[in-house]
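Here is the structure we will look at, set down as structure tokens.
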Amino acid sequence: MREVAIVGVGCTGFKSVTPEISYKEMMFEAATRAYQDAGNINPRKDIDAFISVAEDYWEGFSIFDEFVPDQLGAVLRHLFTVSGDSIIGLATAYMLIKTGYFNTVALESHGKPSDILTLHDIVSFAMDPILNRPLGGHPFYVAGMEMNRFLCTTGNTRDQCAMIVAKNKGNALSNAFAAYGANVDVEDVLNSDMQFYPLKKIEISKPADGGIVIILASDKVATKLNENPVWIKGVGWASETPSLETRCWSKAIYARLAAEMAYKKAGIMTPSVEVDFAEVDDLFSYKELQHMEALKLCRSGEAGKLTEEGITQLDGYLPINPSGGMLGMGWPLEAAGLQRLQEVVLQLRGQAGNRQLSDVEIGVAQSWRGIPTATGAVAVLSNYKG
Amino acid sequence: MAIEKITDTRQMLHWPGHMETDYIYTLGIACEKFFIEIKENGRILGAKCKHCNYVFVPPKLYCEKCFAKLAEWVDLGIQGVVHTFTVAHIDINGTELKDPEIYALIKFNGAEGGLVHKLGEVRPSQVRIGMKVEAVFKPQPNRKGNINDIKYFKPRE
């Protein structure tokens, strides 16, 4: 069976604003770094197919796909855009290679939220126009409602959510790509403004600009391009109902189903034992806890306790979001999943600098499409082809 | 290190863009019946799947569990329970609200869906998950057949 590896990553880093470059130049920079990282390949002849992940409304273009090829070296080549989170883009690239038609695929995603003057109007426009939108309000009230139900149902606590913020912003201090690293403690979080009870302002990841390009290759060519390929052991994705009225408000069912699909493919039976570390969506502090439980990294209601005991810190036995997550790195819209994935690749290669984890072989990256969606994706990676 | 950073690039050279997109959203068969019933009779209806024994609020024409077409309507009354809630302190532009708004998912006895709406006639500190509430409708002549025909839900005596 044909295996698929990641042989190159390129990233611009993330910043609160990027007035110095356009989104195209941002993509060009990430792509140039990724091609260099994959053995200095030439995309004009060495990449068989290209995928970009983007949403028209985030970009401010109708039919944004048409604006993609030039800055990736993909003109006159085989390219399409996936509208979804970038780990869904990864799953698509993985399957392209699995077909046998392609040996190398470049996957791109970026976010430039500082160009969007009315970001939350776009989020609001994603809500049901008949049942939800007429109520008005800031769409993140949905997160406050979910956090409230999640804490009430699982027994995880308000303070444990605050600890996520302290941990992730702290981890981000060791990550040069991160926009929002800071030393904060639980008290700072609890003193932050209440925005959507019980969610505080500092518990909401801030938008950040940046782009990432990932190069995937079949086992036929992977080791020729990179001595240390990181193997994709499994991918999964799933959607729960988009209806706020009928969905589950306590558990991340979409992430559970996506994880089960990815684990099955990867042959992982006991994730809490076999997975060495994970990068999970933490758009809101409580989401890290909810997603840990959905990924079966612990039992329901235990994620907060593991956090409190320091088990999810860099030196714990199950580090979560060593990159700093989105609370630390910033929220790059549809590039959020590749931001998680990139950290897993760097950790498995032993290239994570001061935040490098020791003895890691299996890492998981998980994404969520954000408010108001119930869609997520999971990738299981390893530095062993095995 | 500053935790808050500048996020407004409007001071830099740029070309302003504006997407003018106007739509109408057709309610469809199920929602049309739902909102006409609210408008004319002040009643909240659910659609029942006779295969799954699952009552959908708001109603749909199809069962999301088994994909069957739904044709049976159930009157759910106007009383429900707060499944979860939040208190919003800012509006969509990030401006602090003088009067924080309470949003809740209200579930109805006999149905597993519910309605997202605001709570009224209650202080934020008094709201609890599990609280019993009932719909407060606008006066009939002012109703237009939309979700705002319900002004809010208020605590039940």
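Numbers restart at 1 for each chain; the letters A, B, ... are given by sequence-line order, proteins then strands.
Using a 4.5 Å cut-off between heavy atoms, B:His14 does not touch chain A at all. In this structure, chain B has a heavy atom under 4.5 Å from the side chain of A:Ser243, while its backbone stays farther away. With a threshold of 4.5 angstrom between heavy atoms, B:Thr95 does not approach chain A through any atom at all. Contact of B:His83 with chain A is made through backbone and side chain together, with heavy-atom distances under 4.5 Å. Contact of B:Asn146 with chain A is not made at all, since no heavy-atom distance falls under 4.5 Å. For chain A, no part of B:Ala111 is nearby; none of its heavy atoms comes within less than 4.5 Å. With a 4.5 Å cut-off on non-hydrogen atoms, B:Leu27 touches chain A through its backbone and its side chain both. Residue contact with chain B, scored on non-hydrogen atoms closer than 4.5 Å, is absent for A:Leu199. Contact of A:Phe140 with chain B is not made at all, since no heavy-atom distance falls under 4.5 Å. Looking at B:Glu64, the atoms closer than 4.5 Å to chain A (heavy atoms on both sides) all sit in the side chain, from C-beta outward.
In this structure, A:Glu334 pairs ionically with A:Arg369, as a charged nitrogen and a carboxylate oxygen lie closer than 4.0 Å. Salt-bridge check for A:Arg247 with A:Glu240: failed, with every basic side-chain N at 4.0 Å or more from each acidic carboxylate O. A salt bridge links B:Arg43 with B:Glu37: at least one charged nitrogen is closer than 4.0 Å to a carboxylate oxygen. Using a 4.0 Å cut-off between a side-chain N of Lys or Arg and a carboxylate O of Asp or Glu, A:Glu29 and A:Lys24 do not qualify as a salt bridge.
B:Trp73 does not carry B:Lys48 over the face of its six-membered ring by the limits of under 6.0 Å from the centre and within 45° of the normal. Under a cutoff of 6.0 Å and an axis angle of 45°, A:Lys287 and A:Trp368 form a cation-pi pair.
The residue among A:Met194, A:Glu245, A:Glu20, A:His120 with the most heavy atom pairs within less than 4.5 Å of chain B is A:Glu245. In terms of heavy-atom pairs under 4.5 angstrom with chain B, the leader among A:Val142, A:Thr118, A:Thr241 is A:Thr241. Comparing A:Asp193, A:Asn132, A:Asp128, A:Asp121 by how many heavy-atom pairs each has under 4.5 Å with chain B, the most go to A:Asp121.
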Before you tell me yes or no, could you show the steps for A:Lys112 and A:Thr18 under side chain to side chain donor-acceptor pair (under 3.5 Å), namely the whole-Å CA-CA distance, both residues' side-chain angles and the distance that decides it to 0.1 Å? CA-CA 8 Å; A:Lys112 207 168 189 311; A:Thr18 49; 3.1 Å; yes
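Between B:Phe56 and B:Tyr54, the two ring planes are tilted [angle within 30° to 60°]. Between A:Trp331 and A:Trp58, the two ring planes are perpendicular [angle over 60°; tilted spans 30° to 60°].
In this structure, B:Glu96 places its CD atom where only 12 or fewer heavy-atom neighbours from other residues, nucleotides or ligands lie under 6.0 Å away. Counting non-hydrogen atoms of other residues, nucleotides and ligands closer than 6.0 Å to CG of B:Leu61 gives a total above 12.
Here the shortest heavy-atom pairing between A:Leu135 and A:Tyr141 reads CD1-OH, 4.3 Å.
Listed in order of number, the residues of residues 145-153 of chain A that approach chain B to under 4.5 Å between heavy atoms are A:Met145, A:Asn148, A:Arg149, A:Cys152.
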